[in-house]
Amino acid sequence: MISINGKTRTCGLVGNPVEHTLSPMIHNTLASLQDHNLVYIPFLVEKEKLIEAIKGAFGLNILGMNVTIPYKSDIIPLLCEIDELAENIGAVNTLVRMEDGFKGYNTDMLGLLRAMNTEGILLKGEDIIILGAGGAARAVAFLCASNGAHRIFLLNRTLEKAEQVANEVNHCFHTSSIVPMKMSDHHLLPDKHYLAIQGTSVGLSPNISEAPIEDKSFYKKIHTGYDLIYNPVKTKFMSNVEQGGGRAFNGLKMLLYQGVIAYELWNQVSISESQAEYVYIQMMKEIEKKINE
Ligand code: ATR
């Protein structure tokens, strides 16, 4: 536990609500592992106070901020600079202090990429299936396209939304690698082995017995399944992937690495794999505690 003194630096989270966040635990644990004199605090900010909050944070010499629901897009006009991936996605979850204001990044997606890389999964040249076309799945589509995926099938219950996202991403990267499909047409997918990223809200607690697709023949095509959901820690989608013979992961490592990358950006340090692993174990304990509450 650090003792707060005249040299303590402050980071924090801006959102509404912020009560259930794991970010203070992630960052305060990282600060203690790094022996940094830094505290991380959640800030509940009302919509009409967002501009004041960000100006105030800069004026108060806050080192860095995370931004969560519902401000990930609203924050963009308030930045002095924005990272290219975050700009393309149109969502920012990390602010890094610069001379004239805050620079915005999307470490949610950089975190997903690092989580996959640590498991030996590279996006370059991969055939990928993305399930969903909402905010999360759309961001994943930008991530996959910007990292040189070979072909990306974007499957959504509502075809029009999949088409809209595919058009946007293809236009942005001057490619046609994103192919929109209706979810129920999954049997039309070419017979290949895919990395599948589950970005719908189906299966989220309390609806833990649901998956966006049940058909066993679909899961035979999946060598690795990534669910962005981490509550429950094992989703029905993950069980289906494993029953089809593939490896399955939940969204907890993405959450871990979005924090790790933000911390690295704020402090210009590298967090080692063993330190990240330590934080991950603390996150699991915290989640178990919450489940038993
Ligand atoms: P987020 O911001 O978390 O991505 P969202 O933008 O509301 O949330 O997107 C939710 C996604 O889950 C959408 O892709 C939605 O499909 P539709 O575009 O057809 O609505 C998908 N989804 C939600 N409930 C679903 C269900 N019962 N079956 C299939 N897809 C579902």
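Side chains included, hydrogens not; waters and symmetry mates left out as well; all remaining heavy atoms used. Just so you know, residue 1 is the first one in the sequence shown, and it goes up from there. If you're wondering where the values come from, they're calculated on a predicted model, not measured in any experiment. Atoms within each ligand, like the ligands themselves, are counted from 1 in listed order.
In this structure, NZ on K253 lies 5.5 Å from OG1 on T118, to the nearest 0.5 angstrom. Within the model, atoms CZ of F43 and CD1 of I54 stand 10.0 Å from one another, a figure rounded to the nearest 0.5 Å. The OH atom of Y278 lies 12.5 Å from the OG atom of S272; values are rounded to the nearest 0.5 Å.
Ring geometry for F249 against Y226 counts as parallel: the plane angle stays under 30°, on a 0 to 90° scale with 60° as the upper cut.
For the side-chain contact (heavy atoms from CB on, under 4.5 Å) with V260, the qualifying choice from L265, I271, L255 is I271, the only one to do so.
A distance limit of 4.0 angstrom between heavy atoms and ligand 1 selects the residues G132, A133, G134, G135, A136, N156, R157, T158, K161, T200, S201, V202.
When the salt bridge (Lys or Arg N to Asp or Glu O under 4.0 Å) test is applied to K124, no partner is found at least two apart in sequence or on another chain.
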